[in-house]
Structures are given as structure tokens and as C-alpha cells.
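What follows is a short report on a single structure.
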Amino acid sequence: MTKKEADICLILEGTYPYVKGGVSSWTHQLIMAQSHLKFHIVAILPPKFDAKIIYDIPKNVIGITNIWLQEIPKNKFTFKKLPPNFFREIELPLLNMQVTPNLAQLQKILTALNDNKAAINEKSLLNSEKSWRMLLRMYNSTVGNTCFLDFFWTWRALLGGLFSVLTGPLPKAKAYHSLCTGYAGLYLARAHLEYKRPCIVTEHGIYTNERRIEIAAAEWLDSQKALDFSVNKPSYEITLRDFWINTFIGYSKMCYEACSKIVTIYEGNTYFQLADGADKNKLSVIPNGINYEKLSKLQMEKKERPTIALIGRVVPIKNIKIFIRSCSILKESIPKLQAYIMGPRREDKAYYQECLDMIEHHNLQDVITFTGLVDLSEYLPKIDVSVLTSISEAQPLVILEAGAVGIPSVVTDVGACREMIYGTSDEKPNLGQAGEVCPLSDPQATASAIYKLLSDKDYYKKCSDTIKKRVQKYYYKEKLDREYKNIYAELIKKKTIRKKVA
Amino acid sequence: MAGIGFILRKLSKQDNLLGIMRAYTHSTMASTGPWLFTVLALGGMMVLGSKYTSLDELFNFRITIIYNFAFSLIFSGPIFMIVTRYLSDSIYKRDVTGAPGLLLGSLVLLYVTQLPIVSAFYLLYTSFPTIFSLCAIANFMLITTIWLIAIFLSALKDYAKVTKTFATGLFLATISAITLTSSYGAIGILNGFNIGLAYIVASLIAQVFVEYPYKFHEPFKFLSYFKKYWEIALSGLIYNVACWVDKWIMWFAPEAERTSSNLFLYPNYDSAMFLAYLTIVPSMAFFVFSIETSFFETYLKYFGDVQKKANFKKITRNHKEIISVMISSSRNFLILQSSICISVILLSPHIFEALGINYLQISIFRYGVLGALFHVMIMFLTIMLSYFDNRKAALKIQFLFLITNASFTYISMKMGFVYYGYGYFLACVVVFIAAACTVANYVNKLPFHTFITSNTSV
């Protein structure tokens with residue numbers, strides 16, 4: 001790896017190039033598509049994560065920097081001490097980041113840390129008596145009545161994370177691009193403050209929402225105020241859960257403030273971004289695209305039986321069981337129905353077994369077939385309608401892949417599904433409806449929607465044409481590559497911003 | 001997306017704080033027990049023996065016993081401490097099925113390491129008759145075995161039973177020693193004493209097996225603790241050396257004797273010191289009682305509440321309670337021990353006359369009594385530190401005791417007879433001040449230490 005300055009520094013959290021998944025493969029393709037640019041990857045990782053690269057790193061990646069959360073540079077043999085007022089200086093900005101997070105607060109903390117680089121290690125920042133006293137002050141001024149042990153761990157986890165991100169190595173680049181907010185967003189804000197280079201963020205899912213679900217499910221935060229019967233308990237009293245969530249909202253806000261462009265993959269996300277304090281003028285939607293050229297050339301096969309398919313992994317989040325129940329209902333009106341479930345079956349073996357039991361129970365052995373992971377260009381021509389019963393999705397590409405062949409979809413109302421079926425608000429002129437959107441966990445509605453498509457030839461033809469047209473116009477991969485190419489070019493061109501952040 | 005969810009999950013496992021409590025919940029008896037036994041056995045022997053000083057046989061017996069007590073404590077110290085810790089951890093984990101195996105393994109280790117040294121010493125170095133040497137070796141092994149078994153018994157907390165066993169054993173020892181002397185001389189006394197000790201060993205082992213009715217398995221699993229808790233092993237050695245170093249140095253005083261059997265001894269100094277140690281027996285009992293009741297209660301409440309999701313106000317309240325219990329116990333202890341100390345010093349001529357002890361020892365005895373007052377407080381303070389699992393500080397204090405006791409005693413020896421005993425007294429005062437400051441400083445910042453410095457998951 002050379003020491004040359006990269007064009008784009010990509011900041012990822014717990015994904016590429018170590019973990020497989022949607023964001024990882026998206027990133028991999030982005031780097032390959034922008035082969036004219038040099039990339040540096042910064043991977044923010046869980047504590048003690050074993051970093052094994054599982055992707056073929058493209059040649060235009062000139063460096064990978066790992067930052068493990070909670071790990072603060074060692075600096076073992078230092079004799080330098082933090083100045084006596086160090087913790088007093090960062091205490092107020094740290095508290096303010098909970099309430100009114102902005103880059104000016106972050107700048108104060110960064111300055112304090114950077115001015116004392118030689119004296120920084122885990123002991124001085126987290127394990128010293130002075131930091132202990134700051135912890136007590138922060139506890140007393142915020143959640144002073146809740147369980148101290150929980151606050152202690154919360155404080156350590158949050159500050160440990162903050163310090164590791166703010167003190168870790170920061171490679172130079174012409175522009176910084178983060179793939180989510182959270183710690184990656186915080187790192188992006190730091191890069192922006194330190195090198196004054198332009199930044200953008202692309203959010204696939206909404207980070208703060210994901211954290212919210214996790215924090216709500218964290219049982220150890222429960223019963224923290226055992227039996228507090230006091231009458232005059234102030235209603236504005238904040239809890240440790242708020243402490244966690246506010247921290248992540250704060251990181252998102254600062255990330256949004258640092259960015260000159262805030263991108264997401266579908267319109268629905270922009271409302272959450274606005275709610276988390278994103279500037280409306282910075283927002284834009286760049287949907288994911290597919291290889292339209294290749295898929296649109298596939299010829300539909302002549303079918304003996306009406307055929308539907310659910311393309312996805314056999315896991316609870318895809319709600320395969322609702323699909324099975326819909327098939328059971330459909331079989332009443334379409335006895336010759338054929339249904340495929342296409343996707344890996346090994347991820348959740350217990351769930352797969354439950355699905356098999358259910359099929360047997362409903363006597364659907366002749367109708368439903370599990371194909372495993374298959375080559376879509378071989379299987380897409382075999383089906384009439386693609387079905388998605390998921391309880392959560394971002395922007396499922398399978399709707400587009402089926403659409404490119406001319407297969408309409410029946411989907412649940414999650415993620416970007418609705419806007420792919422009905423078109424986004426800036427689709428002008430609106431191309432029309434390209435399938436059906438159903439409520440979650442409603443097998444009757446799903447079955448009726450599928451029946452409508454399979455029984456009404458004209459309606460089917462209309463939907464088929466619409467989805468094909470929509471994919472061709474808005475959701476092809478070259479469009480995505482071109483848009484990022486333009487954004488990057490514009491960012492790299494920008495002059496370094498010299499003016500101080502107010 | 002694989003985010004940072006794992007951080008949240010990791011935090012739900014917070015039971016590491018509780019680990020502190022497992023530290024030394026039965027350290028009191030483990031640390032005070034052997035010392036108490038030594039003091040009682042040797043001090044009692046000085047009192048009883050002083051009536052028979054004319055007997056040459058008694059002299060050889062006395063010197064053997066003193067050497068055996070001193071060196072068995074020192075050699076077994078590290079093993080003793082490690083086994084104590086290992087057993088405490090097992091009790092904390094509520095799995096004591098390994099106890100019989102541990103007893104077997106540690107006994108084997110003890111014998112394998114000590115038998116060669118002791119045999120070489122008695123058979124090759126001293127000029128005792130072979131028969132007497134063999135009895136002396138047996139005596140050493142019995143004493144060292146008692147130290148080890150005592151760990152398992154103190155864990156049972158049935159002090160009454162243990163005390164009864166020791167009392168019966170020592171009574172048996174006295175009777176058989178007196179009976180056997182007339183026909184067998186020195187060998188008779190030593191074997192009489194051995195009979196008493198053998199009774200104690202047999203009876204204690206029986207009690208251990210009754211309490212831990214499990215099979216022997218993995219007898220050497222505890223060896224890994226030597227690496228993990230080397231500070232404890234080292235402090236076991238240093239503490240015992242520090243307690244004896246002033247006697248060793250005084251064995252080389254101009255007035256000391258080199259016996260015909262090639263051993264060094266300074267009976268006037270040794271007797272005076274062991275008599276002085278007898279004065280701390282009442283306060284030791286008092287200390288064991290108060291730590292088991294009022295202190296342990298507040299200690300458990302403090303750590304229990306931290307674990308039970310208390311807010312910091314409550315933690316502070318419990319913290320203050322610990323401090324106040326410690327202050328009031330020390331005050332009570334100080335009043336008790338100082339009054340004993342002063343009375344004994346004032347009454348010492350009468351005591352010496354009544355017991356028929358050599359008047360040469362009286363100034364050494366007075367320094368010894370004063371020193372013992374501070375010595376016993378040092379012991380209590382280090383026990384406090386081990387309760388809070390502050391191993392490094394305990395080790396430092398014991399090391400300081402070793403250095404000061406050795407150097408001050410050496411200087412006082414050089415300064416002449418008038419100053420004999422002064423070195424030990426001064427060392428105890430200095431180390432007491434250091435230990436008191438360390439403990440006060442530590443306990444004052446107890447919450448900080450609980451959450452940061454002693455927290456193994458930080």
C-alpha cells in the first residue's frame with residue numbers, strides 16, 4: 001500500500017471488507033465502478049473483532065485502516081500528563097452533544113484531544129481519578145437517580161467509542177464518504193473538522209432507527225428505577241435509554257452537518273433523515289440499480305401451471321410462513337398453482353424446518369418447492385409473479401430484477417417497495433402501477449393480490465410493461481455509477497474550506 | 001447491517017464486579033490462625049518451660065520447635081496463600097467438589113518441596129543424634145501439615161470445633177511430653193509433643209473429609225494459580241520472613257549462643273518476644289469477631305447494592321457506613337489493646353517474678369509488647385486490603401515490613417543490649433503508619449477503586 005493521498009476515503013462500520021451483506025456488496029461494486037479513482041477504506045469495527053478480509057480488494061484501493069471501537073492508542077511509555085482542566089474542558093461539550101449536538105461542540109473535544117496527543121491513553125482518558133470525577137459530575141447532572149452500575153457501563157461504552165473514533169488514525173483524502181451515520185458518521189465529522197475536505201454520506205438503512213430497536217430490546221436497561229413512587233418526579237427526567245439514543249442521534253446530526261450531500265437509496269428514508277435534523281437542501285435519493293441490459297433480454301418461458309416465486313433467504317424477517325399461507329388460500333381458486341421459494345435455506349435451519357412442517361400441514365407438497373440458491377437468469381423466465389412478504393426491507397433488488405424481465409411483484413408495504421411499485425413522487429410523468437402493495441402479515445390480502453394478477457390478463461400486461469419501463473428509466477446500475485461519478489468529481493474539485501466552523 | 005449491537009449485548013454481563021467479593025471472604029482466619037497457634041504454642045512453652053530451664057533436654061527441644069515453627073511457616077507460606085485463594089474461588093463458584101483433590105495435591109507439593117530441605121538440614125547440618133533428627137523432621141512435617149489443613153477448616157467457619165481440636169491436641173502434647181521426659185529425655189519431650197500434633201492432624205483431616213465428601217480429582221489444577229496470583233504467593237513468603245527476620249538477626253548478637261548442635265539461638269530475645277506476642281491474643285479474637293459481624297455486614301451491603309442497581313446516593317451512603325464501621329472498630333480495638341499493653345508494661349516486673357523469667361529480658365519484652373500492638377494492627381490493615389482485593393498494596397506493605405524490620409533490628413543490635421527490641425518496635429510503628437495511610441486513602445476512594453482499579457472487566 002502506498003502512502004499516496006486517496007481521492008475518496010470510504011468510511012464503513014462493521015461491514016466491508018470483513019462482513020458479507022447488502023452494504024458490503026454495494027460498496028464493492030461502487031469501488032469497481034469508479035476504477036478511475038483511488039480509494040482508502042476506513043473500517044470501524046467492534047472491540048476485538050478479528051479482521052479477516054473476505055472480498056477481493058479492487059486494485060484502486062490504496063489502503064485499509066481499521067479502527068476498533070473502545071480501543072484507545074496505547075502510549076504506554078509516556079510521561080506527559082493531561083492538563084488539570086482537561087476534563088472540565090470536554091465535560092460541557094460532551095453534555096451538549098446529548099442535547100444540542102453540533103460541530104462546534106465536537107471541535108472543542110477534538111481540540112482538547114489533539115492538543116494532548118502525547119498524554120492520551122486508556123488510563124488517562126477512562127481510568128484516571130479525574131475522569132472518574134467527571135463521570136460522577138455527568139451522572140449527577142443527568143440521570144442522577146438511576147442505577148449507577150448501568151450508567152457506569154453506558155458512560156464507558158459511549159465515551160470509549162467516542163474516544164476511539166476521535167483518536168484513531170485518520171488518512172488524508174480529497175473527499176470523505178461514509179456509508180452510514182453512527183460512529184462512521186462521527187468519524188466523518190472529525191475528518192471534516194480536521195482536514196476541511198468535503199464529505200457525503202449514503203444511508204442504506206437509517207442508523208438511528210436500528211439503534212432504537214436494539215436499545216429498546218436491551219433488557220439490562222430495565223428496572224433501573226426500582227420502585228420509585230415519589231409524587232414529584234419531574235416529567236422531563238431522562239433515562240439511560242434516552243442517553244444511548246440521544247448519543248446516536250447526536251452523531252447523526254453532526255454527520256449531516258459535516259456533509260455537503262446526504263444520500264439515501266429510497267425516498268421513505270428521507271423523512272427519517274429530516275426528523276434527525278438533516279438539512280432538506282442536502283438530501284437526495286440515488287436508488288440502487290441492476291443490470292437491465294442483461295436481464296431485459298431474457299425470454300419468458302411458456303408455463304403449464306401459473307407460477308409464483310418468493311426470492312429471498314429462508315429466515316423469519318422474510319416472513320416465509322405468510323407466503324405459505326397465501327399459497328394455501330390461492331390453491332382453492334387456482335388448483336394448478338406452482339410456487340417456488342428461491343434462496344439459501346441454511347441460515348436458520350429451525351425456521352426452515354418449521355416452514356417444511358407448515359407445508360405438510362397445509363398439504364402443499366405439490367405446490368411449493370424450495371430451490372435453494374439459484375441462478376436468477378435461469379429461473380426468472382419460469383415465473384409469472386414475484387412475491388415479497390418481508391416484515392423489513394430497504395430496497396429489495398429482486399423487485400427490479402424480476403421487473404426487468406417483465407414480471408410484476410406483490411409486495412408488503414416496507415422500505416422502498418411502495419415507491420418501486422407506484423413510482424416516487426418525482427417520477428414525471430408517473431408510469432402507473434406495477435403490481436400490488438399489501439399490508440404486513442396479511443395472507444388473505446397477499447393471496448387476493450396474486451389472484452388478481454394471475455386472473456386478469458390485461459391488468460397483468462399493464463403491470464408488466466410498467467415495471468419494465470420503470471426499471472429501464474430509473475433503476476439501472478449505470479445510472480447509479482454515473483451519479484456517484486459526478487458527485488465524486490464535484491467533491492474532489494472543491495477547494496479546501498479554510499473558514500473556521502462557527 | 002452488522003452494526004455495533006454487540007456492545008450493548010456485552011454490557012448485560014456485569015457480574016465481574018461481584019468477583020471482588022469472592023476475594024478473601026475467609027482470609028481473616030487464614031491469616032490470623034497460624035500466627036495465633038504459633039504464639040500460643042511457643043509463648044505457652046516459654047511460660048511452662050521457664051520452670052524447667054535447668055534441663056538440657058528442654059533446651060534442644062525448644063530450639064527445634066522454634067526452628068520448625070519459623071521455617072515451616074516461611075516455606076509453606078506461598079503454597080498456603082495460593083491454596084487459600086484457590087479454595088476461596090471454589091467456594092465463591094459454589095463448587096467445592098475439588099477440595100479433597102486440592103488437599104491431596106497441595107500436601108504432595110508441600111512434602112516434595114520441603115522434606116529434602118528439612119532432612120538435609122537436620123541429618124547433615126546439625127549435630128543432633130540421628131534418632132532426635134528424625135523426630136525433629138517428623139515434627140516439622142506435622143506442623144507444616146497443620147498450616148495447610150487449617151485453610152480448609154477456616155473455610156468451614158466452625159471455629160468452636162477447630163479451637164477444641166487444638167486445645168485437646170496441645171493438652172495431649174503437654175501430658176505426653178511430661179510423661180515421656182522422665183524415661184526418654186529430649187526425644188521423649190519432642191515425641192510427646194509430636195503425639196499431640198499428630199492428634200490435631202488426624203482429627204482435622206477427618207473433619208475436612210466429613211465436610212467435603214467428594215472424590216479426589218485434578219489434584220494439581222491449583223498450580224496454575226502460582227502464575228496468575230504470584231503476588232499472593234510472594235506476599236505469603238515475604239510476610240512470614242518479615243515476622244521472623246528480627247529473631248534471625250538477633251541470633252547473631254554478641255550475647256546469642258551457638259549451641260553444641262550447630263544451631264544459633266538467642267533465648268533471652270526469643271522468649272521475651274514470644275511472651276510479648278501473647279498480649280495480642282485477646283485483641284485478635286476481638287478483631288476476628290468484629291470483622292465477621294459488623295464489618296462484613298456493611299461490606300456485603302456495599303457490594304450487594306452496587307450489583308442490585310443502586311443509585312450513587314445509596315452507594316455513597318453504604319461507603320460512608322463502611323468507613324464509620326472501620327473507624328469505630330479500630331477505636332474499640334485501640335482502647336482494648338492499649339490498655340492491655342500499658343498494664344502489661346507496668347506490671348512486667350511482677351509478671352516476670354511470678355513466672356520466674358530472667359530479668360534480662362524485661363526491656364526487650366517491653367519493646368516487644370509495644371511492637372506487637374502495632375504489628376497486630378499492620379496485620380489487620382493488610383487483611384482489610386485483601387478484602388478489597390488490593391493485592392499490590394498488601395505486598396508493598398509486607399515488603400516494607402521486611403526491609404524495616406531487618407535493617408532497624410540490625411542497627412539496634414549494633415547499638416548494644418539496651419536497644420535490643422527497639423528495632424522491631426520502630427519497624428512496626430513505621431509500617432503501621434504507612435499501612436494506615438494506604439488503607440485510609442484506598443477506602444476513602446472506595447467507589448473509584450471498586451469500579452475502575454479492581455474491576456476485572458474494565
Side-chain angles (χ1 to χ4, degrees), chain A residues 13-15 18-24 44-47 49 69-70 122 126-129 131-133 135-136 139-140 143-154 156-158 160-161 179-180 182-183 204-205 207 210-211 213-215 217-221 223-226 244 248 394, chain B residues 1-21 300-322 388-390 392-393 437-438 440-458:
Chain A
E13 187 176 317
T15 49
Y18 304 115
V19 179
K20 282 232 187 266
V23 175
S24 291
I44 296 178
L45 301 166
F49 180 85
L69 287 175
Q70 314 291 333
E122 192 182 334
L126 292 177
N127 294 344
S128 65
E129 280 189 60
S131 77
W132 169 255
R133 263 176 253 138
L135 159 82
L136 288 184
Y139 170 77
N140 286 326
V143 290
N145 271 323
T146 59
C147 166
F148 183 72
L149 188 62
D150 290 344
F151 177 82
F152 173 77
W153 287 117
T154 298
R156 270 191 89 80
L158 292 178
L179 273 299
C180 61
Y183 289 109
H204 289 239
Y207 192 93
E210 287 168 20
R211 289 295 88 82
I213 294 166
E214 238 174 42
I215 291 161
E219 279 172 21
W220 65 274
L221 281 167
S223 69
Q224 48 184 264
K225 261 183 295 177
W244 279 98
F248 291 117
Chain B
M1 187 167 65
I4 51 108
F6 24 79
I7 296 178
L8 285 175
R9 275 198 295 281
K10 186 195 148 208
L11 287 181
S12 57
K13 294 182 206 151
Q14 298 168 342
D15 45 24
N16 271 312
L17 253 180
L18 207 67
I20 298 163
M21 277 170 65
L300 277 182
K301 188 163 160 45
Y302 173 84
F303 284 104
D305 278 353
V306 165
Q307 210 59 39
K308 276 185 253 148
K309 307 208 163 214
N311 60 28
F312 199 72
K313 267 183 220 133
K314 196 156 189 197
I315 294 174
T316 312
R317 204 157 52 227
N318 292 335
H319 174 210
K320 282 191 180 137
E321 214 153 293
I322 286 193
F388 296 118
D389 208 16
N390 192 353
K392 285 235 161 75
C437 292
T438 310
N441 200 21
Y442 189 89
V443 175
N444 237 343
K445 291 175 191 162
L446 188 58
F448 170 68
H449 291 297
T450 312
F451 281 90
I452 308 278
T453 56
S454 323
N455 192 347
T456 46
S457 30
V458 159

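Letters A, B, ... mirror the listed sequences (proteins, then strands); counts begin at 1. The shown structure was predicted, so the numbers you read here are calculated from the model rather than taken from an experiment.
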Rounded to the nearest 0.5 Å, the CZ atom of B:Phe448 sits from the CG atom of A:Asn127 at a distance of 7.5 Å
Under 4.5 Å from any heavy atom of chain B, what part of A:Leu126 do you find: side chain, backbone, both or neither?
backbone
Between CD1 on residue B:Ile315 and SG on residue A:Cys147, distance to nearest 0.5 Å
7.5 Å
With only heavy atoms counted, which part of B:Lys445 is less than 4.5 Å from chain A, the side chain, the backbone, both or neither?
side chain
Among A:Ser128, A:Ser131, A:Gly182, who wins on heavy-atom pairs under 4.5 Å with chain B?
A:Ser128
Which region of A:Ser24, side chain (C-beta onward) or backbone (N, CA, C, O), has a non-hydrogen atom less than 4.5 Å from a non-hydrogen atom of chain B, or is it both or neither?
neither
Do the ring planes of A:Phe148 and B:Phe312 sit parallel (below 30°), tilted (30 to 60°) or perpendicular (above 60°)?
tilted
Do A:Tyr139 and B:Asn311 come within less than 4.5 Å of each other through their side chains, counting heavy atoms only?
yes
Roughly how far, to the nearest 0.5 Å, is the OG1 atom of B:Thr316 from the CG atom of A:Leu136?
8.0 Å
Side chain to side chain contact (heavy atoms under 4.5 Å, CB included) between B:Ile452 and A:Glu129: does it pass, once the steps are laid out?
CA-CA 9 Å; B:Ile452 308 278; A:Glu129 280 189 60; over 6 Å; no
